[in-house]
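Proteins get letters first, then strands, A, B, ... in listed order; numbering begins at 1 in each.
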2 protein chains.
Amino acid sequence: MSATDGDIMDKNEAADKRETGTLGKLMVLLDIVTHADGPMRFTDILAVAGQPRGTLHRQLGHLTEEGLLEVLADGRYAPGLRLLDLASRSWARNEFRLIAEPHLNALQQLTGETVHLGVLRGASVIYLDKVEGSQPVRMYSQIGNASPIYCTGVGKAALSALPDDRLDAIISSVSFQHFTENTLTPETLRREIADIRRSGNAFDREEHEVGIRCVAAPVFSEDLSFVGGVSVTGPAYRLTFERLEEWALPVRGAAQSIMSGMRIGLGPRR
Amino acid sequence: MSATDGDIMDKNEAADKRETGTLGKLMVLLDIVTHADGPMRFTDILAVAGQPRGTLHRQLGHLTEEGLLEVLADGRYAPGLRLLDLASRSWARNEFRLIAEPHLNALQQLTGETVHLGVLRGASVIYLDKVEGSQPVRMYSQIGNASPIYCTGVGKAALSALPDDRLDAIISSVSFQHFTENTLTPETLRREIADIRRSGNAFDREEHEVGIRCVAAPVFSEDLSFVGGVSVTGPAYRLTFERLEEWALPVRGAAQSIMSGMRIGLGPRR
DNA sequence: CCCGATAGTTCCATTATTCAGAACTCAATT
DNA sequence: AATTGAGTTCTGAATAATGGAACTATCGGG
């Protein structure tokens, strides 16, 4: 992740239709605390939550009671352990991940580089799985992380699978941050999407982080209930442009295999 | 509410005091879906949730709207991706984990075996971190998992740090399952806790899984806001009883170091 | 020791959400 | 066409959430 995100909130505030009743208000609080740089005091939350003190106090109490938040010894609030428990279950059983797993491993074997599976959620990519070479991995380091859509191979691959109206909606809802000198703008992104649709491959040429390149391909279900991508990522000195081209086909192949698996695994009723 | 009240309620979190209003009801649903073997249909959830149809329908709608649940193409409900996002943040920033990380690595280097950091939540142990040797790890495989307290080294170590009243409360609230022929009973567990308090080390001698042993030590903060443990786990043929004894001291040492770190990192207000 | 801040908690009449159950739609079966 | 199963929508009534103010710490000076 980049060093300091600052306070840039390209959250989905944009199409903020109506709240989800009580739950919506509580989730806003949960987001505030989990997005913070560290534990927050009551007053800190009060300042950004825009709720009366009494109300906020009760809401935090409920979240804490349920284990979604935790109160540290000094009274500050931090994300709670229940989140880990819920997530580990949802991850372990995720259908798409299970279907993709063997293909990700195969791709890792072939290339020797890190392989990712990501899925589109709102205007972000969430990494569902990651297969690395051999070094002991910082495990949550990537999985579950929400990353920008316009400067990752998986993100661009996923976008290319969307119909134009959804694509437009997403592009216009995102604020484009300038990570490296190669980071795309809305215009160049649109042009690239057209390329990806033609060729079937998305590339990240040091657009998010200097020295990191990747080649990706879209993975999606027919009804677009799943829209994501697979990618092979590595350092620029190993992933030369020739190498990227060379791996474009196997990456597309892995994507195809995963999609076949999805049709079998999810197609009929069950 | 209806005639069919007597249902299986032996879920671990059962005996909590008061419900948390609306949130509590929604969390029950979320638990039902995340604990299921696979995606559930509306009717499946209806059967176990004990809510009127209309009510359940709205509740699931809200959870889905927030991304905590997901509706598959065939209408079944599965845990949603938002959970991964929330969890990855909460994990990455977890204070205890960050403090413990270097000590876990050191212990892994020393022993060459898998090292765990776990924390007590209710009557379960949740794994906060895991450092393995060299093979590419199935990452969520363990982290975030809730495991029984009476047959894991970390669980027993954590218990030994509790005062008797809390210990009793937990032991009496748990139903002891018989995993292997070495799995403890409430009585033998109490006796072992006494040993652990004396020696400072907990052992798992194939009590949870045949062929797996481990040596652990408690890690806790002074005010017991954090109660957990570190452990070294491995196959019985490598972790002979002599080896377990040999590593008992370094494991205690790592635990001590983590606790020192906690006092510095969490003690003053900041 | 008291003053004035700052931080967090509790109370309670008002109001908005949620609730429950029935009526309704839609699709497959017979 | 009639029946069953699965899911959705609608309603007044019940309940839980709200918000403002009053209350209690806790702290740092003077």
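Whole-Å rounding puts the Leu60(A) CG to dA7(C) P distance at 16 Å. In this entry the distance linking CG of Leu56(A) with P of dG19(D) reads 11 Å, nearest Å. In this entry the distance linking CD of Gln51(B) with P of dT18(C) reads 13 Å, nearest Å. One can place CG of Leu46(B) at 12 Å from C1' of dG5(D), the figure rounded to the nearest angstrom. Following rounding to the nearest Å, Arg76(A) (CZ) and dA7(C) (P) show an atom-to-atom distance of 14 Å. Between the NE2 atom of His62(A) and the C1' atom of dT18(C) there is a distance of 14 Å, rounded to whole Å. In this structure, Glu65(B) places its CD atom 16 Å from C1' of dT8(D), rounding to the nearest Å. Rounded to whole Å, the distance from CG on Leu23(A) to P on dA16(D) is 17 Å.
Remark: the backbone N or O of Val119(A) is not paired with any side-chain donor or acceptor of Tyr127(A) at under 3.5 angstrom. The closest donor-acceptor contact from the side chain of Asp44(A) to the backbone of Arg41(A) lies under 3.5 Å.
You'll find the side chain of Met259(B) reaches within 4.5 Å of the side chain of Phe220(B), heavy atoms only. Inter-residue side-chain proximity for Leu86(B) and Met27(A) is flagged as met; some heavy-atom pair is nearer than 4.5 Å.
Side-chain proximity of Thr43(B) to the nucleotides dA6(D), dA7(C), dT18(C) is greatest for dA6(D). When each of dA17(D), dA16(D), dA7(C) is scored by its nearest atom to the side-chain atoms of Arg41(A), the top-ranked nucleotide is dA7(C).
Scored by the side-chain contact (heavy atoms from CB on, under 4.5 Å) test, Ile32(B) finds Val28(B), Leu29(B), Met40(B), Val48(B), Ala49(B) as partners (sequence neighbours excluded).
Applying the 3.5 Å distance criterion, the base of dG7(D) shares a donor-acceptor pair with the side chain of Arg53(B).
Among the protein residues, Thr55(B) comes within range of the nucleic acid bases, having at least one heavy atom under 4.0 Å from a base atom.
Of the charged side-chain nitrogens involved, none lies within less than 4.0 Å of a carboxylate oxygen, so that Asp31(B) and Arg89(A) do not count as a salt-bridged pair.
Between Thr22(A) and His57(A), the residue anchored closer to the 5' end of DNA chain C is His57(A), taking for each the nucleotide with the nearest heavy atom. Positionally, the nearest nucleotide of DNA chain C for Phe42(A) lies more toward the 5' end than for the other of Phe42(A) and Arg58(B).
Taken over five-pair windows at either terminus, the axes of the helix from dC1(C)-dG30(D) to dT30(C)-dA1(D) are inclined to one another by 30° (rounded to 10 degrees).
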What verdict does the salt bridge (Lys or Arg N to Asp or Glu O under 4.0 Å) test give for Arg197(A) and Asp164(A), after you've listed the backbone C-alpha separation in whole Å, the side-chain angles of each residue and the deciding distance to 0.1 Å? CA-CA 12 Å; Arg197(A) 282 176 175 160; Asp164(A) 282 326; 3.1 Å; yes
